[in-house]
Each structure stands twice: as C-alpha cells, then as structure tokens.
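All residue numbers in this chain count up from 1 along the given sequence. Start at 1 and go down the list; that is how both ligands and their atoms are numbered.
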Amino acid sequence: MSQNSWAQAVDVQETTALSVQLDSSKKVQGLYGGRYTRGDVNANIVLEKKENGGRTKDGDSVDPAEQSLLYKLIRRSLVRNRNQVEVLQRDPTSPLYSVKTFEELRLKPELLKGVYNMGFNRPSRIQENALPMMLAQPPQNLIAQAQSGTGKTAAFSLAMLSHVDPANKWTQCLCIAPTYELALQIGHVIEQMGTFYPDVQLAYAIRGNRMERGIKLQQQIVIGTPGTVLDWCTKFKHIDPKKITMFVLDEADVMIATQGHRDQSFRIHRQLPKDCQMLLFSATFEDSVWKFAEKVVPDPNIIKLNREEETLDTIKQFYVVCKQEEDKFIALCNLYGCLTIAQAMIFCHTRRMAAWLAANLTQEGHQVALLSGEMTVEQRAAVIERFRDGKEKVLVTTNVCSRGIDVEQVSLVVNFDLPVDINGNAHNETYLHRIGRTGRFGRKGFAVNMVDSEHSMDIIHQIEMHFNRKIIEIDTSNLEEMEKLFS
Ligand SMILES: Nc1ncnc2c1ncn2[C@@H]1O[C@H](COP(=O)(O)OP(=O)(O)OP(=O)(O)O)[C@@H](O)[C@H]1O
C-alpha cells in the first residue's frame, strides 16, 4: 500500500473526529462574571502541537496534562471502584465522619439543588469521607489521592462553593490546576454546581485574561494556572493572598511534572495565611508527589482510594504464529468476522503502524476507527466517544492513546504488536492494562497476540510466566476452530 493511502485514511478519520462538535450550549463564566458561550473559549481548548510536543517521533508518549484533559472530556460518570477508602486522620482520637447522603452535609439549599441538578444522587466513595472533612469547623487540611473519575473535582468544587461568604466581595478561595484547559474544566464544574447560587462568582486566572494593575477582583473564587495566579497575587495585585481562606491544588502529580509549576505553587503558597485551609488532590501518589504534598499541606488528613486491580481471570488468551509481518495482516483479516461480533481494539507499537493498519483494513472494505497520537486531545475524545457509542466496532490504536477507554465494553483485544519495554522485554503491566478487567465479575473477554519472530514468541512465554496463565495457539485460517474458540 502506498504512503498516500494511509495518509488518506488518517485524514478521513480526523475529519470524522473534527466533525463531532462539543456541546456548545454549555456556558463558561467569564472573568467579570459575564457569560461567554463555551464555544468561544473552545477554540483555545484544542491543544496545539508543540514542536516535539514531548512525544517521541513515532511512538506515542502523551503528556500527563493532556491525558488528564482527555479523561475529563470523555468521562460521563463515576469510575466504579469497590475498594475501601483509607483514611488517616490528623487527630486519630477525633470521631471519623462519613456521609451517605448530601443532605447530611447541611449544605445551603442553593448548593444542594445544584448537586442534584447535576444528577448526583449520593456522594461517591471518596466524597463520603472527603466532604465532611473539607466542610468541618474548624477547617482541616486534606490530601486526597484517587484515580481519575472518582469524584475529586466535584468534591472540592462543592467545598469551595460552600466555604465562601457571598457577601464578601473579594477572593476567598484559590484553586490552581496545571494547564489552561484543565482550569477551564474545573471552572465548568463549579459553574454547574453553582447554577442556583448566583451570588458566588468565579474568575479565571488564565493566560489572555487581563485587567489593569491594582484592580481587585470581586469574585469569591479564582481558578487558574500557577503562573497567572502568582502574577495576579504579586505583580498585578488583583488578589490579596492574605485574604485567601481556602487553597486547592488539583492534579498535584501533573503539576510537579513541570519544574516551573512546582516552584510557582510554592511561591503562591508562601503568601497565604498560616490558617488558610489547604487541600491537595492527586490521581497517583509516588514519593515525589508525597514530598510535594507534605510541603504544601501541613498537618493533613489523608484519604486514599486505591485503583481496583485488573485481572486476567476472565480472559481467554491466544496467539497466532505468523511467518512474517505481512502474514499478521492476513491473520487479522481472517479474524475480522470475530472482531466485529462485539467490539475490538487492535494495538500497534507505533502510530505509523496503526495508521498503516487502519488504512489497509479500510482498503479491504473493513470499517475501522483510528486513534492516533497526532490527533489533538479533542479529536481523540471524539473518536473515543464514537467508538463507545458503537459507531465503529473496531478501533486501531497505540498503547498510550487508548487509556481512558472503558475496556469492559471491548470483548476482543488484538496485540498486533506485543507490548515491550525499551529493552525489548515483555511489558507485563501494559499487557494487563490492555486486556485486563477490573472486578471479579468482569465480563468475559478474548485476547489474540500476533507472533512473528522467535523474539515475539519469547515475549509470549515471558507473559505466560509472569501471569501464570497459559496462552493457547490458534490457527486463524481454520474458521471452524475459530468459531468454537470464540463462542
Ligand atoms: N456523587 C456523584 N454522583 C454521580 N456522579 C458524580 C458524583 N461525583 C462526581 N460525579 C461525576 O463523575 C465523573 C467524575 O467526577 P470528577 O471529575 O469529580 O472526578 P475526578 O476524580 O476529579 O476525576 P478527573 O480528575 O478525571 O476529573 C464526572 O462526570 C462527575 O460529574
């Protein structure tokens, strides 16, 4: 197949993605409390490709802020997590409060209405513990860690809205997020939740929003990126940091990935009053995040919700021996009928390979979607949405791009290229992430691995040993056998 035809397929795919518009009816509150349509801001949300963009030339390495934004864009509901929340109280002798309903929080009626209006019936796992802590008097500091989608943003948004005094026309809550786009997303949640509480206003301290030096903001809540927030506190004096009584640092793990952001966060933090309530949220909790969190949040309560473990228990695993690369494509075409029984994902090692494969499958008359690292976050979100809605049954992708797709709806995963680390050894974690299911009652699934060399056979053996699970050989040209296996 010529270069041109894959390029064409990518173009077709990207056009499809671009034609899926984001909901332009949603509103974003402007700097002066005015309202712009979300579409106005949207033009800026699309992440521009930087030179190099923090990506490898061909493989996909997506930056953590983009990944976070993608999660937010594609999320429709809470991520299911049946693990117990771990709570470490600053004062272990004080009673531990948790709530099962929003009523128990004694919120202002305007806020309760806002919460229900968002379709929240009851607090999420993490909210059950975090909300009473954040709303307690005297104020308590909190460090909370839970994977994306567990309700952290909604929790601190409610805490901020509930904390401020609407009669005071100055900034009382300051929230910082790693990027412009993430700040907008958080702001959007605050706006939705505050729909029935118009006395509380929100301003965005993000690039492009400018005011004359010395003008003090009247909005009670400010959300922004560290650089602009720092400027607004120090250089432009729009905010008096001494009057801040609640400071929220979101996505701490993404924040510290940028040295500049870490330093700016400290510099903002240093100006805040000693008794300012500090809240810090992170999806992960490596040592570096913990060290940072300890500096920003003195005497914290700590809440942790571990990710549900993925398992291969409900997955039937196979491999197909192919003499050479081209045979993998033939094997895949043989498999195609099985792929479309439900939904399938095909993983390639590089974007180039993914694009090539999608184009070839398309040329063979198969309908596939392509998720490629070249796409903007918004385009990727649109492709994922279409796939989730079943508009395409087969999705070709690289590893990084696919995170955020709820794999439970995918019943067949094909590793067109096996997952390897930089030394060429089996990448077990990635393998598990591609095909694993969470929860003991996860739906059944199938995985087919393409083997095209002794080396890839060796990888299969490494994976078998690691997970202590047999991977069975199949012959994709034997239709009868295939039908039996996938039934
Ligand atoms: N109590 C709740 N009941 C139902 N849905 C909720 C509740 N809390 C949050 N949600 C919804 O669940 C999804 C995830 O929530 P939220 O964005 O707050 O999670 P998060 O942990 O901050 O994840 P992320 O950092 O990716 O945004 C959102 O669609 C949100 O509207």
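Heavy atoms of A146 come nearer than 4.0 angstrom to ligand 1 in no pair at all. Ligand 1 lies nowhere less than 4.0 angstrom from a heavy atom belonging to M118.
Protein heavy atom at the shortest distance from atom 21 (O) of ligand 1 is K152 NZ, 2.9 Å. For atom 23 (O) of ligand 1, the closest heavy atom belonging to the protein is G149 N, 2.7 Å. Looking from atom 28 (C) of ligand 1 to the surrounding protein, the closest heavy atom is R75 CG, 4.2 Å.
In this structure, the ring of F416 has its center no less than 6.0 angstrom from the ring center of F347.
Q145 pairs in a side chain to side chain contact (heavy atoms under 4.5 Å, CB included) with only one of the listed residues (E86, K152, K304), which is K304.
Taking only nitrogen or oxygen atoms, main chain and side chain alike, Y71 does not reach within less than 3.5 Å of ligand 1. Checked by distance only, ligand 1 and A155 stay at 3.5 Å or farther apart across all their nitrogen or oxygen atoms. Considering backbone and side-chain N/O atoms, S148 comes within less than 3.5 Å of an N/O atom of ligand 1. On a distance-only criterion, T153 and ligand 1 share at least one N/O pair closer than 3.5 Å. Close N/O approach between A154 and ligand 1 is found [any backbone or side-chain N/O within under 3.5 Å].
Atoms of ligand 1 found under 4.0 Å from any heavy atom of F102, numbered from 1 in the order shown, are 1 (N). Atoms of ligand 1 lying under 4.0 Å from any heavy atom of T150, numbered from 1 in the order shown and given with element: 19 (O), 20 (P), 21 (O). Close contacts of ligand 1 with S124, meaning ligand atoms under 4.0 Å from a residue heavy atom, involve 1 (N).
When atom types are taken as modelled, the side chain of Q192 and the backbone of V189 share no donor-acceptor pair closer than 3.5 angstrom. Formation of a donor-acceptor pair under 3.5 Å by the R434 side chain with backbone atoms of N415 is not found in this model.
Under the 3.5 Å distance criterion, with hydrogens and angles disregarded, no donor-acceptor pair is assigned to the side chains of S98 and E128. Residues T245 and H163 bring a donor and an acceptor atom of their side chains to less than 3.5 Å of each other. Side-chain contact of Q89 with N301: a donor-acceptor pair under 3.5 Å is absent, judged by distance alone.
Distances from atom 5 (N) of ligand 1 to the heavy atoms of F156, Y116, F281, F120 show the closest one on F120. Looking at R122, Q67, K72, it is R122 that brings a heavy atom closest to atom 1 (N) of ligand 1. Of all the listed residues (S282, S77, G151), G151 holds the heavy atom that lies closest to atom 16 (P) of ligand 1.
Taking the ring centre of Y180 as origin, the terminal cationic atom of R207 falls inside the region bounded by 6.0 Å and 45° from the ring axis.
Contacts of Q127 with ligand 1, taken as heavy-atom pairs under 4.0 Å, involve the side chain alone.
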Please step through side chain to side chain donor-acceptor pair (under 3.5 Å) for the pair K72 and S148, ending with a clear verdict. CA-CA 8 Å; K72 282 186 197 287; S148 166; over 6 Å; no
Could you walk me through whether N81 and Q147 pass the side chain to side chain donor-acceptor pair (under 3.5 Å) test, one step at a time? CA-CA 9 Å; N81 187 320; Q147 78 197 86; 3.1 Å; yes
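Between V222 and L202 the shortest side-chain heavy-atom distance does not fall below 4.5 Å.
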